[in-house]
Enquirer: 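Submitted below is the structure of interest, expressed as structure tokens.
The structure presented is a predicted model; accordingly, all values stated were derived computationally and were not measured.
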Amino acid sequence: MTEDARTPETSETAGTPEGAADSTGMENAHEPAAVASGAGELLRDALVDADDPRFPIWLPLPGIAAASGWALYDASAAGGSFLPTLLWPGIAIFLGTTLASWLGWQLDID
């Protein structure tokens, strides 16, 4: 594209680099730099702010409750034993539930 074919800059965007804030403090939405560069950038923007703890002390509790509940159910209803069920699939249940809780906490899903 030649410089003659470009559209002239308006007074609002003159001298403003792509994706930089204009006079209102907002990024230019039509500029390429304002678009998220991928899933990593989208997640980074969606994470809670630095004032919140990244891994609160209560976060493993849903995983512990789900794994223990499954082991109790399997031991009482299906005739399995508690400890082997707590070890497997209890560890997978704990990890999956804790990961889902952590992502929900970090992404601030309401």
Side-chain angles (χ1 to χ4, degrees):
M1 177 184 281
T2 65
E3 291 202 304
D4 295 336
R6 292 187 189 169
T7 58
E9 294 180 332
T10 63
S11 62
E12 288 181 11
T13 61
T16 304
E18 289 183 1
D22 60 8
S23 61
T24 62
M26 302 291 289
E27 284 190 358
N28 297 328
H30 63 279
E31 300 295 336
V35 177
S37 63
E41 185 68 29
L42 179 65
L43 282 175
R44 194 173 302 115
D45 289 343
L47 292 176
V48 295
D49 58 0
D51 294 337
D52 290 333
R54 291 293 173 208
F55 196 84
I57 192 80
W58 59 265
L59 204 57
L61 293 178
I64 292 170
S68 299
W70 176 256
L72 283 172
Y73 169 75
D74 187 53
S76 61
S81 57
F82 179 77
L83 192 57
T85 304
L86 186 62
L87 293 177
W88 183 258
I91 292 174
I93 292 170
F94 169 75
L95 292 176
T97 305
T98 303
L99 178 65
S101 299
W102 181 75
L103 286 173
W105 174 256
Q106 291 298 305
L107 295 173
D108 198 21
I109 298 173
D110 293 329

Enquirer: Report whether W70 and L87 are members of the same hydrophobic cluster (ILVMFWY, side-chain heavy atoms less than 4.5 Å apart, transitive linking).
Expert: no

Enquirer: Let me check something: do I64 and L95 share a hydrophobic cluster, defined by ILVMFWY side-chain heavy atoms less than 4.5 Å apart, either directly or through other members?
Expert: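 I64 and L95: one cluster.
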
Enquirer: Show the nearest heavy-atom pair for residues S81 and A75, with the distance to one decimal.
Expert: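 Closest heavy-atom pair between S81 and A75: C-CB, 4.3 Å.
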
Enquirer: Could you report the tightest heavy-atom contact between F94 and P60, atom names first, then the distance?
Expert: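 Taking F94 first and P60 second, the nearest heavy atoms are CE1-O, 3.6 Å.
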
Enquirer: Membership question, hydrophobic clusters at under 4.5 Å side-chain separation (ILVMFWY): are L103 and W58 in the same one?
Expert: yes

Enquirer: Following the transitive rule for hydrophobic clusters with a side-chain heavy-atom cut-off under 4.5 Å over Ile, Leu, Val, Met, Phe, Trp and Tyr, establish whether L99 and W105 coincide in one cluster.
Expert: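 In one cluster: yes.
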
Enquirer: Counting only heavy atoms not in L83, do more than 12 fall under 6.0 Å of its CG?
Expert: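 Enclosed: over 12 neighbouring heavy atoms sit under 6.0 Å from CG of L83.
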
Enquirer: If I compare all heavy atoms of D74 with all of T85, which pair ends up nearest, and what's the gap?
Expert: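 Nearest pair, atom of D74 first, then T85: OD2-OG1, 2.7 Å.
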
Enquirer: Search all heavy atoms of A67 against all heavy atoms of L86 and return the closest pair with its distance.
Expert: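 Closest heavy-atom pair between A67 and L86: O-CD1, 3.9 Å.
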
Enquirer: Does a sphere of radius 6.0 Å around OH in Y73 hold more than 12 heavy atoms from other residues, nucleotides or ligands, not counting ones at 6.0 Å or beyond?
Expert: no

